[in-house]
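This one's a predicted model, so the numbers in the text were calculated from it and none came from an experiment.
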Amino acid sequence: LLSLARPVPEAVQSMREGKWDRKTLSGTELFGKTLGVLGLGRIGAEVAKRALAFGMKVLAYDPYLTEARAKALGVSIATLDEVFALSDYITVHMPLIEKGKQGATEGMVDEAAFAKMKKGVLILNCARGEIVHTDDIAAALKSGQVGGYGTDVLDEEPPRADHPLTKLPNCVVTPHIGSRTAESVQRQAVAAVTNLIRAM
C-alpha cells in the first residue's frame, strides 16, 4: 500500500540511476482516502486496523462479516459493487475458491470489476494470484483504469519469463514473501515442533 501510494521502489531505482526526481515521484497521501478490504478475516482485519491508523475510511466486503464485528473494528460493511465503486485503494484478503463452487472468488477482480472502479484505483493482492484476473489487470494497468497494482502473489509461481505483470512499471511484484521474516520463520518452526510434541 505504501509503495503504491508513494512510489518508493521507483524512487530507489531513480536514485540508483543518478537522478533527483522530486516532482513525478511524489505520490499521494493515505489520509482521507477510502480503502476497500475484500475479506475481513484475520489478515484483512489487521490491514484495516493499520489503515484506520493512517486516517483512512475502511469499507469491508465479507459474506461472513457481522455488524458487531464491523463496529468493533471501526469499519463499514459494503457490498462488493460498493467497494469497487467507492474505494481509492482495494486490498484482497480472501481465500481462493474455484469458479463453479459456492462463494467462488477465482477471477472475481476482473475486467467487469475494473469498469466499476474509480479511474486510477490502486489494487493490492496478498491473498492468491488467481483472484485477480491476470490478463485483465495487465490491460487495466496499461490503459490507466487501474493506476497501480501491488501483489505478493501470482497465478504462476515462480512466474514465466514473459509473465504480463513482472515488467509493467506501475506494478509492484514481490516473490510471495509477505509472511516471511526471520522472526516468522522461527515461529513457524517452533509451532511445528510444538504441535508434533503435543501429538506424540
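Of the candidates L168, V173, N170, N125, N125 is the only one forming a side chain to side chain contact (heavy atoms under 4.5 Å, CB included) with Y149.
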- prompt: Run the side-chain contact (heavy atoms from CB on, under 4.5 Å) check on R6 and T28 step by step: do they pass?
  reply: CA-CA 6 Å; R6 302 295 302 274; T28 60; over 6 Å; no
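Between G147 and L141, the shortest heavy-atom contact is C-CD2, 4.3 Å.
Applying the salt bridge (charged side-chain N to carboxylate O under 4.0 Å, His left out) test to K19 and every residue at least two apart in sequence or in another chain returns E17. V172 pairs by the side-chain contact (heavy atoms from CB on, under 4.5 Å) definition with L4, P9, not counting sequence neighbours. For S87, there are no side-chain hydrogen bond (donor to acceptor under 3.5 Å, both in side chains) partners at least two apart in sequence or on another chain. Checked against side-chain hydrogen bond (donor to acceptor under 3.5 Å, both in side chains), K167 has no partners two or more places apart in sequence or in another chain. Every residue meeting the side-chain contact (heavy atoms from CB on, under 4.5 Å) condition with R198, not counting sequence neighbours, appears here in chain and number order: T194, N195. In this view, T24 and D21 satisfy the side-chain contact (heavy atoms from CB on, under 4.5 Å) rule, not counting sequence neighbours. The side-chain hydrogen bond (donor to acceptor under 3.5 Å, both in side chains) test applied to E111 returns no partner, not counting sequence neighbours. Scored by the side-chain hydrogen bond (donor to acceptor under 3.5 Å, both in side chains) test, K118 finds D88 as partners (sequence neighbours excluded). Every side-chain contact (heavy atoms from CB on, under 4.5 Å) that L86 has, sequence neighbours left out, goes to L59, E82.
Separation of atoms CG (L96) and CD1 (I131) is listed at 5.5 Å; rounding is to 0.5 Å. Atom CD1 of I97 is separated from atom CZ of R128 by 12.0 Å, given to the nearest 0.5 angstrom.
Looking at heavy atoms from C-beta onward, S14 lies in side-chain contact with L25 at the 4.5 angstrom threshold. Contact check for T151 versus V132: no side-chain heavy atoms found under the 4.5 Å cut-off. Between L165 and T134 there is a side-chain heavy-atom pair separated by less than 4.5 Å. Side-chain contact between K119 and S143: absent, with no pair of heavy atoms (C-beta onward) separated by less than 4.5 Å. Counting heavy atoms from C-beta on, the side chains of F84 and V121 never come closer than 4.5 Å. A heavy-atom distance below 4.5 Å is found between the side chains of L1 and Y89. Residues M117 and I90 form a side-chain contact, since some pair of their non-hydrogen atoms from C-beta on lies under 4.5 Å apart. The closest side-chain heavy-atom distance from D152 to I177 is below 4.5 Å.
With hydrogens and angles disregarded, no donor-acceptor distance shorter than 3.5 Å links the side chain of S3 to the backbone of V8.
Grouped by direct or indirect side-chain proximity (heavy atoms under 4.5 Å, Ile/Leu/Val/Met/Phe/Trp/Tyr only), I197 sits with V193.
No more than 12 heavy atoms of other residues, nucleotides or ligands sit less than 6.0 Å from atom CD of E29. For CZ of R160, the number of neighbouring non-hydrogen atoms (other residues, nucleotides, ligands) closer than 6.0 Å is greater than 12.
Defined by atom type and a distance below 3.5 Å, a donor-acceptor pair is present between the side-chain atoms of H93 and T91. H133 and D155 share no side-chain donor-acceptor pair at under 3.5 Å.
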Under 3.5 Å, sequence neighbours excluded: what are the donor-acceptor pairs made by side chains of residues 35-52?
from	atom 1	to	atom 2	distance (Å)
E46	OE1	R50	NH1	2.8
E46	OE2	K49	NZ	3.2
R50	NH1	E46	O	2.9

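Residue pairs that meet the side chain to side chain donor-acceptor pair (under 3.5 Å) test with at least one member in residues 54-72, sequence neighbours left out, do not exist here.
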